[in-house]
Asker: 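The structure follows.
Order of the sequence lines sets the chain letters (A, B, ...), proteins ahead of strands, with each chain counted from 1.
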Amino acid sequence: MKSIIAEELVKTYDKGKVRALDSLNLDVEEGTVLGILGPNGAGKTTTVRILATLLRPDSGRASVAGIDVLKNPEKVREVIGLSGQYAAVDEILTGYDNLVMFGELYHLGKKNAVIRANELLERFSLTEAAKRPIKTYSGGMRRRLDLAASLIVKPKVLFLDEPTTGLDPRGRQEMWGVIEELVKDGVTLLLTTQYLEEADQLADEIAVIDTGKVIARGTSDALKKQVGGERLEVVVESAHIAKTLEIVSSVSGVKASLDEGLRQISAPVSTGSVALFEVLKSLDDAGIHALDVGLKRPSLDDVFLSLTGHSAEAKEESK
Amino acid sequence: MSALRDTAIITQRQLRLLTRVPEVLIFSTIQPVMFVLLFRYVFGGSISTGQPGGYVQLLMPGIFVQTVAFTLAGTASGLAEDMKKGLIDRFRSLPISQSALVVGRTLGDSLLNIVVLAVMGIAGYAVGWRPSTGLGNVALGFLFLLLFGYALSWVGVLVGLSASDARVVQNVSFIVTFPLTFLSNAFAPTTGMPRALQYFAEWNPVSTMVAACRQLFGVENQFGATAGSFPSEHPLTTSLIYMVIIMVIFIPLSLRRYRNSLN
Ligand SMILES: Nc1ncnc2c1ncn2[C@@H]1O[C@H](COP(=O)(O)OP(=O)(O)OP(=O)(O)O)[C@@H](O)[C@H]1O
Ligand SMILES: [Mg+2]
């Protein structure tokens, strides 16, 4: 069963001047994770806000957990959890106060709201900071609290808009752990990200969006295949470059290329580890010691570049 | 029923501001208290009134009204802040009554005024303010003030939801509140103003509120301008009418604006 369906969503801002969504189509199978991957301004937040009933599209249809988003927004709100792009918790209140308040707003009653708040604080390693105002929290703690707030009543469908943007590598790692735990519990998750690595790590399927449209969709592996196969890369001492170029070219069947600065020789291969083994063996026979050798699968960056003609990061910087 | 409960929870949140950040209370009372001292001891000396008990009797109602008028700015900037932080999105994604958030905020902000007014009253008492009427009238005066704050809080909702960022909100609130409080009879007689301004000052809701409070606290309103005009003859009725008009216009407008922020 599909837990999230979006059909032909169109959304314009500024009286039609900005076309944020341009006939966007999506669907997410129940209990799976869809990663929406796109650069700044691609329409990620707009998509999430429409699905979470916060924004009405100009046209198109959407349903969440089988409920029509436009016709029954109140019903949708009962089954979703949302953690927006900016951690939306009350700065002035403590972490504990925030969770109790949201619990009460979910009509748990004071007593149950308190129990649930403590459970969530524990689960997200925030017990120690529970009685401190959010102002004093780190970015990662805020994010975790925000996520906790969206899980107060176990949602069927969870929306996370750029859950790790702005976190340091450790905070990101922690957040990934937390999200992976959630997914094990069987929630349907729609997650947006600008980090190719993050979609790769967390999502079952990835939809790449750019300028309000889905431009590619599939598993991480399928997307990578679409861009091309693997490359074999070898780094050697300067003295051995010429011989190594010869060996790699002969295994690949294509003339190998050289990055002189890195002393790295690379070439596309179709036989993966077999080719790797062959190269290692030939190098060994020639008495060459490889400093580094590996098979590199195309990154999602490469995917983005080949799909859109511009790299995700480049666009980000120009903004 | 659950709409009421939702509203109560949001109201509570506003009030919790007081216990979590006492600075808010300090700052929202410090300015009016400074005004009291400034007018009482700096300008007060040069404003001659035949008022028994002195200028401070005329001044305090003016300060009270000015203080509650700033509820507009408080609500507006608080709401704008919540919007910017995405908190409004979070509230709106919850299965709660959609108007609870704004109704709760206006109620909470108005209840905060109770505390602020109490502090001001004490400060006034310390510098010689003595209402000469009974407890009933004084209480009614404060009720009027709270209601006025509540009505203006709804104007604040509209301002807060309409403006694009917090600084704009500050400026707009200032532009709305400043002329209203100073082109009035709050601090000085309006008789010195040019004719056109006198009319404005006469009909200005801040003036009618100040006049109403003066009446309820037992002071003759010496700062009114054109004697015999309707607002100066009936300050209580006029103020009440103003408050009703403000609420009738701004409550539906603000609620609609809130619902339409969906687009
Ligand atoms: N309220 C608004 N008014 C005008 N334009 C808007 C508004 N919100 C978004 N846009 C525009 O719509 C487009 C899509 O925006 P959206 O916020 O959905 O992108 P995003 O993928 O979430 O970007 P980011 O990675 O920066 O969060 C952008 O061009 C943006 O400038
Ligand atoms: Mg976004």
Asker: Taking the side chain as C-beta and beyond, is there a heavy-atom pair between Asp89(B) and Tyr86(A) under 4.5 Å?
Answerer: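 No, every pair of side-chain atoms sits at 4.5 Å or beyond.
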
Asker: Examine whether an atom of Glu81(B) lies under 4.5 Å from a heavy atom of chain A, and if so say whether it belongs to the side chain, the backbone or both; otherwise answer neither.
Answerer: neither

Asker: About how many Å separate CG of Leu105(A) and CZ of Arg90(B), when rounded to the nearest 0.5 Å?
Answerer: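 Arg90(B) atom CZ to Leu105(A) atom CG measures 11.0 Å (nearest 0.5 Å).
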
Asker: Is there a donor-acceptor pair under 3.5 Å between the side chain of Arg77(A) and the backbone N or O of Arg92(B)?
Answerer: yes

Asker: To the nearest 0.5 Å, tell me how far Phe102(A) CZ sits from Ile96(B) CD1.
Answerer: 9.0 Å

Asker: How long is the span from the NZ atom in Lys110(A) to the CD1 atom in Ile9(B), to the nearest 0.5 Å?
Answerer: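 Separation between the atoms: 9.5 Å.
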
Asker: For Glu91(A), is it the side chain, the backbone, both or neither that has a heavy atom under 4.5 Å from a heavy atom of chain B?
Answerer: side chain

Asker: For Asp90(A), is it the side chain, the backbone, both or neither that has a heavy atom under 4.5 Å from a heavy atom of chain B?
Answerer: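 Both backbone and side chain of Asp90(A) come within 4.5 Å of chain B.
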
Asker: Considering non-hydrogen atoms only, spot the tightest contact between Gly86(B) and Ala88(A) and give its length.
Answerer: O-CB, 3.2 Å

Asker: Applying a criterion of heavy atom separation less than 4.5 Å, what residues of residues 136-158 of chain A form contacts with chain B?
Answerer: Asp146(A), Ala149(A), Ser150(A)

Asker: Measure the CG-CG distance between Asn98(A) and Leu87(B) for me, rounded to the nearest 0.5 Å.
Answerer: 7.5 Å

Asker: Might you confirm whether atom CZ of Arg132(A) has over 12 heavy atoms from other residues, nucleotides or ligands at distances under 6.0 Å?
Answerer: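 Counting neighbours around CZ of Arg132(A), more than 12 heavy atoms of other residues, nucleotides or ligands fall under 6.0 Å, so yes.
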
Asker: Yes or no on side-chain contact (heavy atoms from CB on, under 4.5 Å) for Ile92(A) and Arg13(B), after CA distance, side-chain angles and deciding distance?
Answerer: CA-CA 10 Å; Ile92(A) 286 157; Arg13(B) 167 196 172 224; over 6 Å; no

Asker: Below 4.5 Å, heavy-atom pairs only: which of Gln85(A), Lys75(A), Arg49(A) has the largest tally toward chain B?
Answerer: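 Result: the option with the highest number of such pairs is Arg49(A).
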
Asker: I need the residue from Ile80(A), Val89(A), Thr94(A), Asp97(A) with the largest number of non-hydrogen atom pairs under 4.5 Å to chain B.
Answerer: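 Counting heavy-atom pairs under 4.5 Å, the top option is Asp97(A).
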
Asker: With a 4.5 angstrom heavy-atom cut-off, could you sort out which part of Ile10(B) is near chain A: side chain, backbone, both or neither?
Answerer: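 Just its side chain gets close to chain A.
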
Asker: Provide the closest heavy-atom pair for Ser93(B) versus Leu54(A) in the form atom of the first, atom of the second, distance.
Answerer: N-CD2, 3.9 Å

Asker: Counting only heavy atoms from other residues, nucleotides and ligands, does the tally under 6.0 Å from CZ of Phe182(B) exceed 12?
Answerer: yes

Asker: Could you tell me if the side chain of Gln12(B) sits less than 4.5 Å from the side chain of Met101(A), heavy atoms only?
Answerer: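 Side chain of Met101(A) against side chain of Gln12(B), heavy atoms only: no contact under 4.5 Å found.
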
Asker: Can you confirm whether more than 12 heavy atoms, excluding those of Lys135(A), are under 6.0 Å from its NZ atom?
Answerer: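 Check passes, neighbour count above 12.
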
